[in-house]
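Report on the following structure.
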There are 2 protein chains.
Amino acid sequence: MAGTGAMMGAMFGAETGKLLDRAARTCDRNGSRLTDIRRHVLGLVLDSDRPVGAYDLLDRLRQSHKGAAPPTVYRALDFLQEQGLIHKVERLSAFVGCVQDDRGHDHAHHDHKVQFLICSVCQRTVEIDEPRIADALEAAAARHGFVPRRSTIELEGLCADCVAEADRAEQAREPG
Amino acid sequence: MAGTGAMMGAMFGAETGKLLDRAARTCDRNGSRLTDIRRHVLGLVLDSDRPVGAYDLLDRLRQSHKGAAPPTVYRALDFLQEQGLIHKVERLSAFVGCVQDDRGHDHAHHDHKVQFLICSVCQRTVEIDEPRIADALEAAAARHGFVPRRSTIELEGLCADCVAEADRAEQAREPG
DNA sequence: AGTATCGACGTTATAGTATAACAGCTCGGC
DNA sequence: GCCGAGCTGTTATACTATAACGTCGATACT
Ligand SMILES: [Zn+2]
Ligand SMILES: [Zn+2]
Ligand SMILES: [Zn+2]
Ligand SMILES: [Zn+2]
């Protein structure tokens, strides 16, 4: 009667629980099965505030799922990417949840146009959605007779928080 | 007295030889040393018509340089990237020569804005230079209070040649 | 010359990321 | 019951990259 859906829902935070329920509905709609393992891996990804590596996920998954091995987690990750529920951050070889539905953008074509800002200091990664970037890239491709399929657009730098932090450190060292 | 610079120049094609000589001058200007190993690795990269993986380079390097090991080639690759002579194609974990000088664009800031079109079929990769893409990405970053450092912009798809090839195959299967 | 230093390289070992290959299981339709 | 498809278990391995430490030679200062 807790009302959040699957029996293992309580293992994650409330926000994650909601996202998991939505993911379950998405998979239903797609005629694909969000199994326990897949759901669990997705929960681990969503519960993190920064991208998570496959072997980190494996370690965490093993706490509740003794038999897990690399293929276990890579299969789940492949499935979740196919469903558009997570993305891979290439620069970090790590995975983040997709928050597309929060912003209502077109899922069907979304995978091709994922864009990330990645903080070198804290690793926090935000997915942005700038049509101008994708448009400019596609226009350039067209000029080369190139038929686009998937793009990797990632910008590494310092997030606002870490810039502020660095400024504070600078001030402390050289006050006035 | 052959006039092309280093003694090993003859190992590569004429075009590659010219690029190697230019690279030697670039390094001179930078006060850095284009050693035999570095020059050889650069030659191997330049002589390929598609991106080359580090272990492929290692195999080829070993044909003339028995003692080579992974660090040998990775050190050379790091150096060449620092000099702006090659780029890494992240999606392929492979390396291509930079042709910047052919187009006279700004080298100092170029590394941050490298853009590739990568063919999924033949792996051939072309470096493009579309300021609008970098501009749009930087504008988006600014809007998030994000300070950019290095970007990865790669579009995977089908090159014009492979599209034509695919079309021919299609025609053959369904003529008329 | 002596020697401190630095950059490049040799060598061995290991970390980190990802997949191949095959076996077993379950579930639903026939 | 039987089959086929999809999911998982399990072992082994491939591929990419770096750590750590030792050697050597050139440079430069004394
Ligand atoms: Zn997304
Ligand atoms: Zn940060
Ligand atoms: Zn370039
Ligand atoms: Zn092609």
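Order of the sequence lines fixes the chain letters, A, B, ..., with proteins taken first and strands second; residue numbering starts at 1 for each chain. Keep in mind that the numbers below use all heavy atoms, side chains included, and drop hydrogens, waters and symmetry copies.
- Atom CD1 of B:I37 is separated from atom C1' of D:dC24 by 13 Å (rounded to the nearest Å).
- Residue B:T152 holds its OG1 atom at 3.5 Å from CZ of A:R91, rounded to the nearest 0.5 Å.
- Separating the CZ atom of A:F79 from the P atom of D:dA5 is a distance of 19 Å, rounded to the nearest angstrom.
- Checking A:Q83 against A:S32 by side-chain atom types alone, a donor-acceptor pair falls below 3.5 Å.
- A side-chain N or O of A:E156 and one of A:S120 form a donor-acceptor pair less than 3.5 Å apart.
- A salt bridge links B:R39 with B:D21: the distance from a Lys NZ or Arg NE/NH1/NH2 to an Asp or Glu carboxylate oxygen falls below 4.0 Å.
- Rounded to the nearest 0.5 Å, atoms CZ (A:R124) and CG (A:D161) are 6.0 Å apart.
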Given side chain to side chain contact (heavy atoms under 4.5 Å, CB included), test B:F12 with B:L46 step by step and report yes or no.
CA-CA 9 Å; B:F12 301 110; B:L46 292 174; over 6 Å; no
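- Contact check, B:S93 against D:dC15: no side-chain N or O comes under 4.0 Å of OP1 or OP2.
- Summarising the geometry, the separation between CD on B:E82 and C1' on C:dG7 is reported as 12 Å, rounded to the nearest angstrom.
- Not one side-chain nitrogen or oxygen of B:R33 sits closer than 4.0 Å to the OP1 or OP2 atom of D:dA26.
- Near DNA chain D, meaning a heavy atom under 4.0 Å from it, residues 52-75 of chain A has A:H65, A:G67, A:A69, A:P71, A:T72, A:R75 in order of number.
- Atom CG in B:L77 sits roughly 15 Å away from atom C1' in C:dC9 (whole-Å rounding).
- Atom P of nucleotide D:dT16 and atom CD of A:E90 are separated by 14 Å, given to the nearest angstrom.
- Straight-line distance from the CZ atom of B:R39 to the P atom of C:dA8: 17 Å, rounded to whole Å.
- Atom CG of B:L92 is separated from atom C1' of D:dT16 by 13 Å (rounded to the nearest Å).
- As a whole-Å value, the separation of B:K88 NZ from D:dT16 C1' is 8 Å.
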